[in-house]
Asker: 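Structure incoming, see below.
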Amino acid sequence: MELEQKIDVKQALRVFNRITQEGKKTDDGWQFHGLTASTDFDGYTVFLRSNRVELTIFFHNKFKVECSNALDLDDFVELLKKLDPD
């Protein structure tokens, strides 16, 4: 299974929204439960980061995942599910 197939973009965007609403604003973005959420200058590209994974979501729900291994991504996906159980 490709790493990207594990990502539910709609769920990630809901988590992004929750982090920006409930998280603590920092110089790097908003932090909430081990994740950092930020955007590029125009807001069309959003970033969700943990200590080991970075998810970049582009316009039209295209996305890119950067991580060292599948276990780190599994932990990241589980954290997304925990923050958005729907």
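For the numbers below, each heavy atom of this structure counts, side chains included, while hydrogens, waters and symmetry mates do not. Residue numbers count from 1 along this sequence.
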Asker: Working to the nearest 0.5 angstrom, can you tell me the gap between Arg49 CZ and Cys67 SG?
Answerer: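 The distance works out to 15.0 Å.
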Asker: Which pair of non-hydrogen atoms, one from Ser38 and one from Gly29, has the smallest distance, and what is that distance?
Answerer: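 Smallest interatomic distance, heavy atoms only, reads CB-CA, 4.2 Å.
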Asker: Scan residues 13-36 for pairs that pass ring-ring contact (aromatic ring centres under 6.0 Å, His included), counting only residues two or more places apart or in two chains.
Answerer: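 Qualifying pairs: none.
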Asker: Any chance you could measure Arg52, atom CZ, to Leu71, atom CG, to the nearest 0.5 Å?
Answerer: 10.0 Å
Asker: If I compare all heavy atoms of Val46 with all of Gly43, which pair ends up nearest, and what's the gap?
Answerer: CG1-O, 4.2 Å
Asker: Sequence neighbours left out, what passes side-chain hydrogen bond (donor to acceptor under 3.5 Å, both in side chains) with Glu22? Give chain and number order.
Answerer: Arg18
Asker: Would you indicate whether the side-chain heavy atoms of Leu48 and Ile19 approach each other to under 4.5 Å?
Answerer: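 SC-SC contact between Ile19 and Leu48 confirmed.
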Asker: Check whether Asp40 reaches the backbone of Tyr44 with its side chain - one donor and one acceptor, N or O, closer than 3.5 Å.
Answerer: yes
Asker: Are there more than 12 heavy atoms of other residues, nucleotides or ligands under 6.0 Å from atom NZ of Lys24?
Answerer: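 Atom NZ in Lys24 is not crowded, with 12 or fewer foreign heavy atoms closer than 6.0 Å.
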Asker: Could you state the interatomic distance from CG (Leu73) to CD1 (Ile7), rounded to the nearest 0.5 Å?
Answerer: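 Here the rounded value is 5.0 Å.
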Asker: To the nearest 0.5 Å, tell me how far Gln11 CD sits from Asp84 CG.
Answerer: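 Interatomic distance, Gln11 CD to Asp84 CG, rounded to 0.5 Å: 5.0 Å.
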Asker: Identify all side-chain donor-acceptor contacts of residues 54-63 below 3.5 Å with residues at least two apart in sequence or on another chain.
Answerer:
none

Asker: List the steps, then state whether side chain to side chain contact (heavy atoms under 4.5 Å, CB included) holds for Val77 with Val53.
Answerer: CA-CA 10 Å; Val77 169; Val53 177; over 6 Å; no
Asker: Please report the interatomic distance CZ(Phe47) to OG1(Thr36), rounded to the nearest 0.5 Å.
Answerer: 12.5 Å
Asker: Nearest 0.5 Å please: distance from the CG atom of Leu35 over to the NZ atom of Lys82.
Answerer: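 Nearest 0.5 Å value for the CG-NZ distance: 10.5 Å.
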